[in-house]
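What follows is a short report on a single structure.
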Amino acid sequence: MHRVAVLVFDGIHSFDLAMPLQVFSTAHSLAKERGEVFGSRLYDVRVCGDGRNLTVAGVGDIEMYQHTPPYPLAEASDADTIVVIGVARHQEPPAEALGLLHDAHQRGVRIAAVSSGGTRVLAAAGLLDGRRAATHWSRRHIMASRYPQVQVDTDVLFIDHGDVLTSAGGASSIDMCLHMVRQDFGSAVAADVARHMVVAPERDGGQAPYTVHPGPGDANGSLGPVMQWLRQRLAEPVSLADIASQAGTSARTLNRRFRDQTGTTPLQWLVLQRVHRAQELLETTDLSIEAISRQCGFGTSVTMRQHFAKHLRTAPTAYRRTFRSRHACD
């Protein structure tokens with residue numbers, strides 16, 4: 001199994017700890033016995049940290065309860081992925097943890113930060129120098145002044161550099177962890193986790209391979225209805241004028257609203273939805289590449305291959321071979 005080490009310190013927030021544990025422990029193989037809810041586990045999740053009776057806090061750093069991590073901090077050295085739960089605002093990351101993260105990064109271990117506190121730990125370890133890092137909107141100025149070498153970004157739910165991921169805080173850790181499950185075991189497994197957790201597999205606004213943008217804004221300007229309309233018509237040819245007409249606005253205003261709320265254009269967003277749907281069909285059906293291309297609105301397999309190369313850096317046949325073989329082995 002893929003081993004995930006969740007690093008905890010004194011003063012961590014209860015929600016930050018719960019979300020990655022929930023996502024990774026819910027991930028199971030899609031192959032299961034008749035009548036069973038889950039297949040075999042896909043992740044070995046271990047909570048690692050040093051010390052007894054560590055405080056777990058709620059909003060405002062109010063103590064909620066205490067716990068003792070079942071595994072020592074050093075246990076994280078053997079992990080395939082390390083998820084860092086941030087230290088309390090008034091505390092500094094332990095030197096032992098910073099050294100462990102630096103060494104793990106040198107070995108190519110994937111490292112992810114939950115919330116602004118986790119991002120702060122990665123910044124202190126030097127893993128974010130010269131890079132963009134997601135952080136909570138209320139912590140932007142604090143992070144920017146404390147770590148000027150880091151390009152703080154509050155316009156995304158999370159950022160994935162491949163080796164290092166950062167999340168904005170709150171429920172964005174769910175988005176980030178689902179993204180990692182999708183990378184490891186495919187869209188179908190990630191969607192299955194989301195169904196069990198009763199959350200959206202992807203926030204409105206879509207998810208590019210490395211960055212997820214925020215969903216719709218206020219109710220008056222929400223793009224939710226038009227996004228749902230588009231998802232129901234992935235196989236149909238849809239123009240910018242069609243989308244603008246459905247939204248009841250001009251093409252220019254529609255483009256502006258999409259960029260404000262998703263970070264991309266309506267047609268680019270639509271292409272990503274088609275790519276994601278194609279991923280699911282490649283993983284879960286025996287439909288031919290041509291049939292999937294038509295069902296997802298690409299028209300031809302050539303067009304679908306072009307979009308897979310651009311957004312996923314792979315070909316549909318290679319993607320199917322990779323994730324179908326993983327599912328068969330799980």
Separation of Gln295 CD from Met304 CE (nearest 0.5 Å)
10.5 Å
Value rounded to 0.5 Å, distance of CE in Met19 from CG in Leu178:
11.0 Å
Do the side chain of Ser167 and the main chain of Ser115 share a donor and acceptor less than 3.5 angstrom apart?
yes
Report the C-alpha distance between Phe308 and Val275 in whole Å, list the side-chain angles of each, state the deciding distance to 0.1 Å, and finish with yes or no for side-chain contact (heavy atoms from CB on, under 4.5 Å).
CA-CA 7 Å; Phe308 262 62; Val275 169; 4.3 Å; yes
Would a 4.5 Å heavy-atom cut-off, applied to side chains only, mark His13 and Val114 as touching?
no
So do Thr119 and Val84 actually touch side chain to side chain, heavy atoms under 4.5 Å?
no
Under 4.5 Å between any side-chain heavy atoms of Arg277 and Gln273, yes or no?
no
Minimum heavy-atom separation for Ala5 to Ala79, with atom names?
CB-CB, 3.6 Å
Please say yes or no: joined through hydrophobic side-chain contacts below 4.5 Å, possibly via intermediate residues, are Tyr71 and Val4 part of one cluster?
no
Looking at Asp184 and Arg110, does any basic side-chain N land under 4.0 Å from a carboxylate oxygen?
yes
Is there a side-chain contact between Ile243 and Leu267, using heavy atoms and a 4.5 Å cut-off?
yes
Given side chains that start at C-beta, do those of Thr135 and Thr166 come closer than 4.5 Å, heavy atoms only?
no
Any donor and acceptor pair, going by atom type alone, linking the side chain of Asp44 with main-chain N or O of Met1 inside 3.5 Å?
no
Evaluate whether atom CZ of Arg252 has more than 12 neighbouring non-hydrogen atoms of other residues, nucleotides or ligands under 6.0 angstrom away.
no
Just verifying a value: how many Å separate Ile292 CD1 and Phe298 CZ, rounded to the nearest 0.5 Å?
10.5 Å
Check Ala76 against Ile82 and note the closest heavy-atom contact, atom names and distance.
O-CD1, 3.8 Å
Just wondering, do Leu101 and Leu7 contact through their side chains at under 4.5 Å, heavy atoms?
yes
For the pair Asp10 (side chain) and Thr55 (backbone), establish whether a donor and an acceptor sit closer than 3.5 Å, ignoring hydrogens and angles.
yes
Would a single hydrophobic cluster contain both Leu122 and Ile142, if residues Ile, Leu, Val, Met, Phe, Trp and Tyr are joined by side-chain heavy-atom contacts under 4.5 Å?
no
Distance-only, no hydrogens or angles: does the Ser173 side chain make a donor-acceptor pair with backbone N or O of Gly170 under 3.5 Å?
yes
For the residue pair His179 and Phe158, does the interplanar ring angle fall in the parallel (under 30°), tilted (30 to 60°) or perpendicular (over 60°) class?
tilted
Donor + acceptor pair across side chains of Thr68, Arg52 (<3.5 Å)
no
Using side-chain heavy atoms (C-beta onward) and a distance below 4.5 Å, is Phe24 in contact with Cys177?
yes
For Val181 and Tyr43, what are the C-alpha separation, side-chain angles and deciding distance, and is it a side-chain contact (heavy atoms from CB on, under 4.5 Å)?
CA-CA 9 Å; Val181 172; Tyr43 292 97; 3.8 Å; yes
Provide the closest heavy-atom pair for Asp78 versus Arg3 in the form atom of the first, atom of the second, distance.
CB-NH1, 3.9 Å
Can you list the steps and then say if Thr249 with Arg257 is a side-chain contact (heavy atoms from CB on, under 4.5 Å)?
CA-CA 10 Å; Thr249 187; Arg257 286 171 56 190; 4.1 Å; yes
Main-chain N/O of Arg320 paired with Glu283 side-chain donor or acceptor, under 3.5 Å:
no
Provide the closest heavy-atom pair for Ala133 versus Val150 in the form atom of the first, atom of the second, distance.
CB-CG1, 3.6 Å
For residues His276 and Ser187, is any side-chain donor paired with an opposing acceptor at under 3.5 Å?
no
Is there side-chain contact between Ser77 and Asp103, with heavy atoms separated by less than 4.5 Å?
no
NE2/His105 to CG/Leu127 distance, rounded to the nearest 0.5 angstrom?
5.5 Å
For the pair Ser116 (side chain) and His136 (backbone), establish whether a donor and an acceptor sit closer than 3.5 Å, ignoring hydrogens and angles.
yes
Nearest-0.5 Å distance that lies between atom CG in Asp80 and atom NE2 in His2:
4.5 Å
Which label fits Tyr65 and His67: parallel for a plane angle under 30°, tilted from 30 to 60°, or perpendicular past 60°?
perpendicular
Does the side chain of Asp242 pick up a donor-acceptor pair with the side chain of Ser245 at under 3.5 Å?
no
Applying a strict under-4.5 Å side-chain criterion to I, L, V, M, F, W and Y, I'd like to know whether Val193 and Phe38 cluster together.
no
If you draw a 6.0 Å radius around CD in Glu33, do more than 12 non-hydrogen atoms from other residues or ligands fall strictly inside?
no
Given side-chain contact (heavy atoms from CB on, under 4.5 Å), test Val23 with Met180 step by step and report yes or no.
CA-CA 10 Å; Val23 172; Met180 289 192 283; over 6 Å; no
Any side-chain donor paired with an acceptor under 3.5 Å for His28 and Asp192?
no
Taking all heavy atoms of Gly86 and all of Val121, pick out the closest pair and write down the distance.
CA-CG2, 4.3 Å
Following the transitive rule for hydrophobic clusters with a side-chain heavy-atom cut-off under 4.5 Å over Ile, Leu, Val, Met, Phe, Trp and Tyr, establish whether Val47 and Phe15 coincide in one cluster.
yes
What are the two closest heavy atoms between Val45 and Ser25, and how far apart are they?
CG2-N, 4.2 Å
What's the separation between atom CZ in Arg274 and atom CG in Leu270, rounded to the nearest 0.5 Å?
4.0 Å
Applying the 4.5 Å side-chain criterion to the ILVMFWY set and letting contacts propagate, would Met64 and Ile85 be lumped into a single cluster?
yes
